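Let me begin by presenting the structure, written as structure tokens, before commenting on it.
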Amino acid sequence: MASRFQIAPPSDYVLSRDACSYGYFLLAPNHWDPDARALSRVLDLEAGPSVLRITQGAEGGRASPGTPLTVRADRTLSRAERTEASGQISRMLRLDEDHTVVRGFHRVDPRWRRSGRGRLFRSPTLFEDVIKTVTSCNVQWPSTVHMNIRLCDVLGRGGAFPTPKRLSRARASTLRARCRVGYRDQRIIDLSRLFVTGEIDEAWLASPSTADDDVFVFLKGLPGIGPYAAANIMQLLGRYARLPLDTESLRHGRTVMGIEGADATVMRRVHEHFAPFGSHAFRSYWFELWEFYEAKAGPSETWRARELASAFTASNLKSVKAPKRPRTAPGRAAAPRS
DNA sequence: GGTAGACCTGGACGC
DNA sequence: GCGTCCAGGTCTACC
């Protein structure tokens with residue numbers, strides 16, 4: 001018999017808004033159903049994989065903020081498995097960030113107060129976040145989508161994302177030939193081994209007593225992790241002060257912010273622009289980018305992964321004009337959302 | 001410390 | 001359908 005249980009989210013939580021807030025919600029094994037407003041994925045739990053489906057209120061309807069999340073599993077889960085699943089779902093949906101955290105962000109950047117945006121989707125585990133970040137480097141979005149589908153199909157139990165143990169035992173040739181990860185093959189295996197041996201310590205990385213700079217230096221020393229990937233993993237850890245600047249930042253700087261000049265100049269000015277947002281810098285930066293993507297492809301809660309993949313190639317993005325919105329620095333009046 | 005080139009895949013384009 | 005070019009971040013060798 002299937003299991004069903006509920007999770008109480010923060011009082012301002014809206015699943016369709018807060019889950020559809022970062023590209024990883026479109027990457028396997030995650031599946032967002034825009035019609036039902038439901039997030040499904042396989043979790044590799046103690047007794048084996050289980051397909052979980054998360055909804056808020058009536059399927060397909062608009063739930064009011066804070067409505068309990070309903071989780072349905074395709075098999076009976078033990079009490080321990082329900083606890084395990086709840087913990088992973090909480091991490092994925094950032095249920096640890098209550099309304100006071102989001103309000104704090106809106107005080108610094110009031111542009112997002114009306115929509116309520118503030119939380120960013122991530123993976124159920126740090127390991128999955130790190131590997132997904134590696135698959136997003138040096139490729140365009142469709143390749144990232146395909147690499148994650150193949151990793152789950154080839155190496156995940158029952159379609160789940162592969163565990164560190166399984167990936168650490170994989171052959172580089174399998175990763176390259178069947179998962180199409182290219183030169184990332186050995187780096188992914190090496191990263192997985194570091195998780196298995198405990199040399200990557202999530203508790204230390206996530207601890208408020210660990211300085212951002214120390215985390216950044218540590219991450220940058222990992223195989224396959226450079227400055228961009230390290231900064232991205234930091235935001236996935238909930239450390240939002242540093243920006244993962246990449247070619248998308250250049251495009252945003254030029255087309256949306258109107259910055260001219262050489263790449264290094266644009267990068268520096270993008271960094272300077274968001275620095276005043278302090279510990280919320282990445283949120284401000286990201287929701288500007290997200291608004292641009294929504295101007296191109298419609299509201300993110302309507303996106304379908306496979307249809308969307310082709311829309312997010314560099315050539316397509318370059319051809320789209322940015323939404324018009326006055327840029328706002330911290331403390332200034334909020335611009336109305338279009 | 002800064003720079004150039006290799007790494008690999010898949011999309012775009014020309015024929 | 002095939003071949004070529006290009007985009008993308010990290011790593012290594014070299015200056």
Side-chain angles (χ1 to χ4, degrees), chain A residues 22-24 26-28 123 127-155 167 170-195 199-200 213 215-237 242-256 261-268 270-271 282 285-286 289 292-293 296-297 303-320:
Chain A
Y22 191 68
Y24 289 6
L26 296 164
L27 294 180
S123 301
F127 173 70
E128 186 175 325
D129 273 338
V130 169
I131 301 301
K132 277 185 159 56
T133 298
V134 170
T135 65
S136 74
C137 288
N138 203 26
V139 284
Q140 292 178 352
W141 181 249
S143 296
T144 303
V145 170
H146 292 136
M147 278 187 239
N148 279 276
I149 289 172
R150 286 166 178 148
L151 281 170
C152 296
D153 285 351
V154 175
L155 293 163
L167 260 181
R171 288 183 182 175
S173 57
T174 301
L175 283 172
R176 184 173 291 226
R178 298 184 62 196
C179 303
R180 313 294 291 170
V181 301
Y183 65 87
R184 299 164 195 78
D185 53 1
Q186 192 58 51
R187 295 171 191 178
I188 287 174
I189 291 169
D190 291 343
L191 279 168
S192 304
R193 286 180 181 153
L194 291 171
F195 272 93
E199 287 169 79
I200 295 177
D213 286 349
V215 172
F216 186 70
V217 168
F218 174 80
L219 292 172
K220 219 153 59 72
L222 297 175
I225 308 295
Y228 162 78
N232 194 57
I233 293 167
M234 287 184 72
Q235 68 86 5
L236 293 162
L237 281 162
R242 204 178 283 263
L243 300 185
L245 295 178
D246 60 358
T247 50
E248 267 299 279
S249 318
L250 286 175
R251 183 200 52 72
H252 186 72
R254 291 199 168 100
T255 63
V256 179
D263 288 359
T265 305
V266 177
M267 287 288 199
R268 180 174 50 78
V270 170
H271 175 77
F282 179 77
Y285 163 79
W286 182 254
L289 280 184
F292 173 84
Y293 299 146
K296 169 161 182 67
W303 294 354
R304 296 173 201 275
R306 285 172 199 269
E307 291 169 19
L308 195 76
S310 61
F312 281 82
T313 60
S315 57
N316 277 345
L317 289 174
K318 277 173 187 163
S319 66
V320 176

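Predicted, not measured: the structure shown is a model, and the values here were computed from it. Numbers restart at 1 for each chain; the letters A, B, ... are given by sequence-line order, proteins then strands.
No side-chain donor from either of A:Tyr24 and A:Asn148 sits under 3.5 Å from a side-chain acceptor of the other.
Under a cut-off of 6.0 angstrom, the local environment of CZ in A:Arg268 is crowded, with over 12 non-hydrogen atoms contributed by other residues, nucleotides or ligands.
Taking every side-chain heavy atom of A:Tyr183 into account, B:dC8 is the closest of B:dG11, B:dC8, C:dT10. Closest approach to the A:Arg187 side chain among C:dC11, C:dG8, B:dG11 is made by C:dC11 (side chain taken as heavy atoms from C-beta onward). Closest to the A:Arg176 side chain, of the nucleotides C:dG8, C:dT10, B:dC8, is B:dC8. Checking B:dT9, C:dG9, C:dT10 against every side-chain atom of A:Ala229, the shortest atom distance belongs to C:dT10. Side-chain proximity of A:Pro227 to the nucleotides C:dA7, C:dT10, B:dC8 is greatest for C:dT10. Here C:dA7 is the nucleotide among B:dG10, C:dA7, C:dG9 with the atom lying nearest to any side-chain atom of A:Gln140.
Annotation: cation-pi pair A:Arg242/A:Phe282 absent, no NZ/CZ under 6.0 Å from the ring centroid and within 45° of its normal.
Residues A:Leu194 and A:Pro223 have side chains in contact (heavy-atom distance under 4.5 Å, counting atoms from C-beta outward).
A:Leu222 comes within 4.0 angstrom of sugar-phosphate atoms only, judged by non-hydrogen atoms across all strands, and of no base.
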Interface polar pairs with nucleotides 12-14 of chain C, N/O, under 3.5 angstrom:
none

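Panel note: side chain A:Asp246, backbone A:Ser249; a donor-acceptor pair is recorded below 3.5 Å.
Taking only side-chain nitrogens and oxygens, A:Arg184 never comes nearer than 4.0 Å to OP1 or OP2 of C:dC11.
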